[in-house]
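Everything on this sheet refers to the single structure shown next.
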Amino acid sequence: MAARFNPLEADAHWQKVWEEQGSFRASNDSAKPRSYVLEMFPYPSGRIHMGHVRNYTMGDVLARYRRMQGFEVLHPMGWDAFGMPAENAAMEKKVHPGEWTRANIATMRGQLKRLGFALDWSRELATCEPDYYGHEQALFLDLYEAGLVYRKQSEVNWDPVDMTVLANEQVIDGRGWRSGALVERRKLSQWFLKITDFAEELLDGLGTLDQWPDKVRLMQENWIGKSQGLRFRFRLTQEAAGMGELEVFTTRPDTIFGASFAAVSPDHPIALALADRDSAAAEFIAECKRGGTTAAELETAEKKGFDTGIKVVHPLDSEWTLPLYIANFVLMDYGTGAVFGVPGHDQRDYEFASKYGLPINRVVAASAEEASEPIGSEAETGGGVIVNSRFLDGMEVEAAKAEVIRRAESEGWGKGTTVWRLRDWGVSRQRYWGTPIPIIHCEACGPVGVPKDQLPVVLPEDVTFDVPGNPLDRHPSWKHVSCPRCGAAAVRETDTLDTFVDSSWYFIRFASQPGHQPFEKADAEKWLPVGQYIGGVEHAILHLLYARFWTRALKRIGRLDIEEPFKGLFTQGMVTHETYRAGDGSWLSPDEVKRDGDDWVHFESGKPVEVGRVEKMSKSKKNTVDPEPIVDQYGADAVRWFMLSDSPPERDLPWSEAGIEGAWRFVQRLWRMAADEQSGQGEDKALARKLHQTIAAVAANIESLAFNKAVANIYELANAIEKAPPSATRGQAVETLLLLVAPMVPHLAEQAWAALGRENLIADAAWPEVDPTLLVEDEVTIAVQINGKLRDTLTAPKGAPKETLEEMALASEKIVRVLDGKPPRKVIVVPDRLVNLVA
RNA sequence: GCGGACGUGGCGGAAUGGUAGACGCUGGAGACUUAAAAUCUUCUGCCCGCAAGGGCGUGCGGGUUCGAGUCCCGCCGUCCGCACCA
């Protein structure tokens, strides 16, 4: 047996064996229980990075473990292959996006294979291929026919650099998420998916996702943003461009008698109508639009208003009128684009009222006696009883809300309403490298879906990227077709779908991929929902919400009887690394620096280097570590082991040279343990106990994805085996140890398994059985405390009675000395744990 | 501003209210070696002490308890998400 484990040979060998035997192919017809383990599929950016390695290693451990437990496991891989970077590359490097993308996929597939992941490559898919996106077009048309897709003129976020429309979610601090350019507002005809139709069920569904992180559920809940309140109308005292009423929304109808003004958004029809005849109003509106939209600017932005001179009539008192302002803080796209202000109980209204000298009245107080207390320096937003509010006086806030809504509805001036923050999903993108929207525009018939027998609508290959904008629109012939309905000359839709559509159903296609339709319902339902989904928290809202919506939409149209696509979700932490800076402030990469005593210096020049914080690996800070050379040097198993060690998987993992060295040493150590194991006789009860406790602990820790703890369990067992004298138990322990590490370091495990003379693959072996009688110790260590402070420990048989433990504790020399002849006032005995003497 | 998470050795981190620091990394000492690497042994929270032993220790201040890293109250700090949402 070789003295050293050679990963370069072993990795390639076993990867080939697994591939030849089809070890990780999932059968749709298996009678075994099923398990679907999925990691978020990568964008083919060019090369695998450490974040991928960590993500896919976690999923792989779980997938391999489940297989050993007897499950039929589906663990597939594919490529989220449409998107902007391919077009950027096309523009910069004069290479076709498809060529660039497919080359990247080939590279990255090779890199993934070298890591030995137990993937079913027969189900590999790439979203940029017609045999994927064609089916997506079919699903889009199904949703269109079901009325879940519509087209509307809408003001959109226009990215002037990428020359495309962005979803609200893709605008961060007023800038495009990719280009960083300041976003403009433009009116375009766009396709929308009716995600708001599902707002309620998407929100309620979160309650069923008990295997999701609370954090993600909360983020989605906030994103959906349900608010319940009252929508009601004010009558205007003057006609404003033909509009006699102003509709507002409030979540605090209970404070209706505390109103001191009403305000509309600068984009509100009343404001726009006013601007036509009042230049001061027009000037104010223009000023509002000039304001910055970054977070910092918004936070410090002053509340500003323009008094229109119009008065609105209070719905509960026709004698009472309020001034109507145009105000910069009122958003057109939330609620009705108009509000009424209650300065006493809303901080924003308070600031506005303070500035414009409007009354600040109290209508909620801690008690009825405090009705005349003035409001202090801040609005009071808490609960209490209603005061100064006529028929509402004395009611609790919630009761008053209900009463005002009831009254508004019976008197006909308003209605209890739910308002959502969630907007419909705009999916049109003015890009080439995406799924063509399968619609034909006919002058006579309007938009017509492409007949299904004409799908896929394939992207033309002959396009150029020498000018900005959408090459599909410029293509000489592609868009010119005849109308499927009337046969007249018509044009194709030249927009493509948001790439988040592609990732909203790929997990279904993995489960079932027939040629003639997107998926077979019955096959897909055998696998779905995904049992465990693993990926970065950056997808907590967008991707996960869209996929949940898409799944529910398919259910509504009867295509799939699944409500939630991902039963379990895990969001893993990032891989981080120290940062280094030269004297001139420029970033240095890890291989440009070296240690010099306690300091760091530049490798070549020897100049001192400043060590910065540990941060997410990024190209801009040059603190990335490319996995491939690491695999070349240490092999796949050492990298995998390191990815699982030390840091809890949900937290960041600091990459270090010492860490990978340590992982490499352990892999070699495992090899030596297997290679050097001497056959021995007899039973070693203590080792057997440790072994079975470890089997149980590792299983439990893998189940809960606590890989760092499973790793620690394995180290402990390895230490115990090495310390134990030769015995039959020890031989079994080494074999079992290999089974326990097999999901984590599979190449080494196969090699050692074979070296021990086993003929089957360890990948096909069963997870070891636990002997429950060996999980309990027969001797326990008892802590002896005086006043809660540890003074001694003693060994006692498990289950020893309290009296015995107390006697033993009192007999301890150390205890006798500390007590100094005085009997304890009280004795607390916790069986099998401790004795606490209160002196 | 709102919401959330987290603060434990030199570092990553363990710890059903019951022996804080498992396990790993780093570092020290020693063995093997002509030497180095690898490997093995051993020590490694801080302070006092030759030692035996003792004292202090889980961000800070209180509280509950025989006993608190863990539970409760109040601060401080770091990170993340949302952000004028009516």
Side-chain angles (χ1 to χ4, degrees), chain A residues 3-4 172-173 213-216 218-223 225-227 229-230 248-252 255 263 265 291 294-303 327-331 333-342 346-349 351-352 381 419-422 537-538 540-541 576 598 614 641-642 645-648 650-654 656-663 665-666 668-669 672 706 708-719 722 781-794 814 817 824-830 832-839:
Chain A
R4 254 158 94 98
I172 297 154
D173 292 347
D214 291 343
K215 175 194 167 92
V216 174
L218 195 66
M219 282 164 76
Q220 292 215 351
E221 189 181 321
N222 292 339
W223 192 265
K226 180 178 187 174
S227 293
L230 172 69
V248 301
F249 173 74
T250 178
T251 55
R252 292 294 303 272
T255 62
S265 161
T294 67
E297 284 170 310
L298 283 175
E299 195 172 344
T300 54
E302 206 182 345
K303 308 279 172 281
N328 65 344
F329 62 85
V330 182
L331 305 174
D333 57 1
Y334 184 79
T336 61
V339 298
F340 78 99
V342 184
D346 180 282
Q347 185 57 27
R348 197 194 39 215
D349 295 347
E351 288 170 30
F352 189 81
T381 54
V419 164
W420 305 86
R421 209 191 84 113
L422 185 69
V537 73
E538 66 274 18
I541 298 175
T576 59
D598 286 344
V614 173
W641 186 257
F642 181 52
S645 307
D646 297 345
S647 289
E650 68 278 10
R651 285 202 222 166
D652 290 351
L653 170 70
S656 72
E657 198 64 24
I660 183 66
E661 290 278 355
R665 279 201 299 274
F666 184 67
Q668 291 298 338
R669 186 173 153 208
R672 284 195 305 276
N708 59 320
K709 294 188 208 169
V711 162
N713 299 144
I714 287 167
Y715 272 116
E716 279 193 60
L717 177 61
N719 291 346
E722 284 182 336
T781 305
I782 304 290
V784 184
Q785 303 176 332
I786 292 180
N787 296 335
K789 208 162 176 56
L790 182 73
R791 293 296 166 177
D792 199 6
T793 57
L794 46 90
K814 289 178 186 170
R817 197 169 61 235
R825 287 192 290 125
K826 190 175 175 187
V827 180
I828 289 117
V829 182
V830 182
D832 295 335
R833 291 227 83 126
L834 61 75
V835 178
N836 188 15
L837 306 167
V838 184

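In what follows, every chain begins at residue 1, and chains take the letters A, B, ... in the order their sequences are listed.
Take A/Q347 and apply the side chain to side chain contact (heavy atoms under 4.5 Å, CB included) test, not counting sequence neighbours, and it matches A/Y350, A/E351, A/E378, A/A379. With sequence neighbours excluded, the residues that form a side chain to side chain contact (heavy atoms under 4.5 Å, CB included) with A/N708 are A/P648, A/P649, A/A706. For A/Y715, the ring-ring contact (aromatic ring centres under 6.0 Å, His included) partners are A/W641, A/F666, not counting sequence neighbours.
Regarding A/R252, its CZ atom lies at a distance of 11 Å from the P atom of B/A86, rounded to whole Å. Atom P of nucleotide B/C84 and atom CG of A/N328 are separated by 11 Å, given to the nearest angstrom. Atom CD in A/Q220 sits roughly 12 Å away from atom P in B/C82 (whole-Å rounding). As a whole-Å value, the separation of A/E650 CD from B/G13 C1' is 11 Å. Remark: C1' of B/A38 and CZ of A/F666 are 17 Å apart, rounded to the nearest angstrom. Whole-Å rounding puts the A/L422 CG to B/C82 P distance at 15 Å.
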Give me the distances for all protein-to-nucleotides 2-11 of chain B N/O pairs that come in under 3.5 Å?
none

Between the protein and nucleotides 50-56 of chain B, list every N/O to N/O distance that falls short of 3.5 Å.
none

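Straight-line distance between the P atoms of B/G28 and B/A5: roughly 42 Å, to the nearest whole Å. Between the C1' atoms of B/U78 and B/C73, the separation comes to 22 Å (whole Å).
A/S227 has a side-chain polar atom (N or O) that falls below the 4.0 Å cut-off from OP1 or OP2 of B/A86.
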Protein-to-nucleotide contact annotation, 5' to 3' order, nucleotides 16-33 of chain B [B base; S sugar-phosphate only; - none; under 4.0 Å, heavy atom]
B-BB--BSSSS-------
